[in-house]
Amino acid sequence: LLDSRTVSVDAGLAEHSGLPERASALALTRLRLLDGRPAIMDRNIFLTEVVPQIPTKAAESSVYAYLENRLGVGIVSSCRLATIEPADEEDLRYLDLEGQNCVGVVESFSFDSAGVPFEYTRSHHAPRTFSFISIAQRLPAQR
């Protein structure tokens, strides 16, 4: 866990994330290691109305296990967008980029059981560990 603080959702974040403007939110910045090397930096924004706090131990292990098992949050769906972007200063500082200047970025918009967005996350991935898998399924037409 690199940082944890309460913030207010500004207009830009609200427009981009679907979270309500001026809402109170818990902002976490976490660094994930793969094979002992810094590979992913997660920047999570949770509405404090749904997630008032996340203990350090939960932030360092499984946030979703804490949300579901301790807070009773019903996480129903998420929408994800994957892109490649230039590395920012924090990426260069914390991630093992092996001299590369870009990161894989996964934006995630998560919804609770009422269909209300409660989390927005941007995960920056070192290129050596970034991959994307998509499964599309077409159901036969019903007659």
Side-chain angles (χ1 to χ4, degrees), residues 1-139 142:
L1 179 64
L2 298 176
D3 190 37
S4 176
R5 68 181 70 193
T6 301
V7 299
S8 180
V9 176
D10 64 26
L13 178 58
E15 183 177 341
H16 189 76
S17 70
L19 300 176
E21 188 174 352
R22 293 185 296 280
S24 176
L26 176 63
L28 300 180
T29 303
R30 301 177 299 146
L31 186 63
R32 295 178 185 228
L33 306 179
L34 294 175
D35 299 326
R37 296 166 63 191
I40 304 167
M41 186 174 340
D42 287 330
R43 296 172 179 129
N44 308 88
I45 305 288
F46 297 95
L47 292 180
T48 57
E49 172 183 312
V50 178
V51 184
Q53 66 172 349
I54 297 177
T56 300
K57 185 175 179 179
E60 292 175 345
S61 58
S62 175
V63 169
Y64 272 31
Y66 175 77
L67 297 181
E68 293 174 319
N69 301 326
R70 294 294 186 147
L71 296 184
V73 176
I75 304 167
V76 173
S77 66
S78 65
C79 175
R80 294 195 171 120
L81 171 67
T83 58
I84 303 295
E85 298 181 12
D88 65 23
E89 288 183 30
E90 281 189 319
D91 297 329
L92 296 170
R93 178 177 176 189
Y94 289 110
L95 295 176
D96 182 359
L97 298 179
E98 298 178 324
Q100 297 186 33
N101 64 354
C102 63
V103 292
V105 176
V106 178
E107 288 182 276
S108 181
F109 310 84
S110 298
F111 301 85
D112 68 14
S113 56
V116 176
F118 74 94
E119 176 199 11
Y120 170 70
T121 296
R122 281 183 58 89
S123 296
H124 288 205
H125 297 249
R128 68 181 169 79
T129 63
F130 183 72
S131 62
F132 175 76
I133 297 173
S134 176
I135 298 172
Q137 181 178 12
R138 288 181 51 94
L139 299 175
Q142 295 186 5

query: Can you name the residues that form a side chain to side chain contact (heavy atoms under 4.5 Å, CB included) with F111, not counting sequence neighbours?
result: S77, F109, P117
- line: Sorted by chain and residue number, the side chain to side chain contact (heavy atoms under 4.5 Å, CB included) partners of V116 (sequence neighbours excluded) come out as D112, A114
field: Heavy atoms from other residues, nucleotides or ligands near CD of E89 exceed 12 (cutoff 6.0 Å)
entry: no
task: Mind jotting down which residue pairs meet the side chain to side chain donor-acceptor pair (under 3.5 Å) criterion with at least one end in residues 49-62? Sequence neighbours excluded, please.
output: none
Counting only N and O atoms by type, is there a donor-acceptor contact under 3.5 Å from the side chain of [X] to the main-chain atoms of [Y]?
X	Y	result
R30	A59	yes
T48	S24	yes
D10	G12	yes

Nearest 0.5 Å please: distance from the [atom1] atom of [X] over to the [atom2] atom of [Y].
X	Y	atom1	atom2	value
L13	R22	CG	CZ	13.0 Å
L81	F132	CG	CZ	8.5 Å
L26	N44	CG	CG	8.5 Å

Taking all non-hydrogen atoms of both residues, which atom of [X] and which atom of [Y] are closest, and how far apart?
X	Y	result
V103	P86	CG2-O, 4.3 Å
A126	D96	CB-O, 3.6 Å
L97	C102	CD2-O, 4.1 Å
S113	V76	CA-CG2, 3.1 Å
V51	I54	CG1-CG1, 3.5 Å
S123	T121	OG-CG2, 3.6 Å

Could you tell me which residues satisfy side-chain hydrogen bond (donor to acceptor under 3.5 Å, both in side chains) with [X], sequence neighbours excluded, listed by chain and number?
X	answer
E68	none
S110	Y64, E119
E85	T83, R122

- prompt: What's the verdict on side-chain contact (heavy atoms from CB on, under 4.5 Å) for L28 and L1, showing C-alpha distance, side-chain angles and the deciding distance?
  reply: CA-CA 7 Å; L28 300 180; L1 179 64; 4.2 Å; yes
- request: Evaluate the criterion side-chain contact (heavy atoms from CB on, under 4.5 Å) for residue pair L67 and F118; output intermediate values, then yes/no.
  value: CA-CA 11 Å; L67 297 181; F118 74 94; 4.0 Å; yes
field: Verdict with reasoning, H124 to E90, per side chain to side chain donor-acceptor pair (under 3.5 Å)
entry: CA-CA 10 Å; H124 288 205; E90 281 189 319; over 6 Å; no
message: Strictly below 4.0 Å, N to O, side chains only: are D35 and R128 in salt-bridge contact?
response: no
field: Test log, rule side-chain contact (heavy atoms from CB on, under 4.5 Å), inputs R43 and I45
entry: CA-CA 7 Å; R43 296 172 179 129; I45 305 288; over 6 Å; no
- request: Could you walk me through whether L31 and L95 pass the side-chain contact (heavy atoms from CB on, under 4.5 Å) test, one step at a time?
  value: CA-CA 8 Å; L31 186 63; L95 295 176; 3.8 Å; yes
- request: For residues V106 and F130, determine if any side-chain heavy atom of one lies less than 4.5 Å from a side-chain heavy atom of the other.
  value: yes
field: Heavy-atom check, side chain of P20 versus side chain of L47, under 4.5 Å
entry: yes
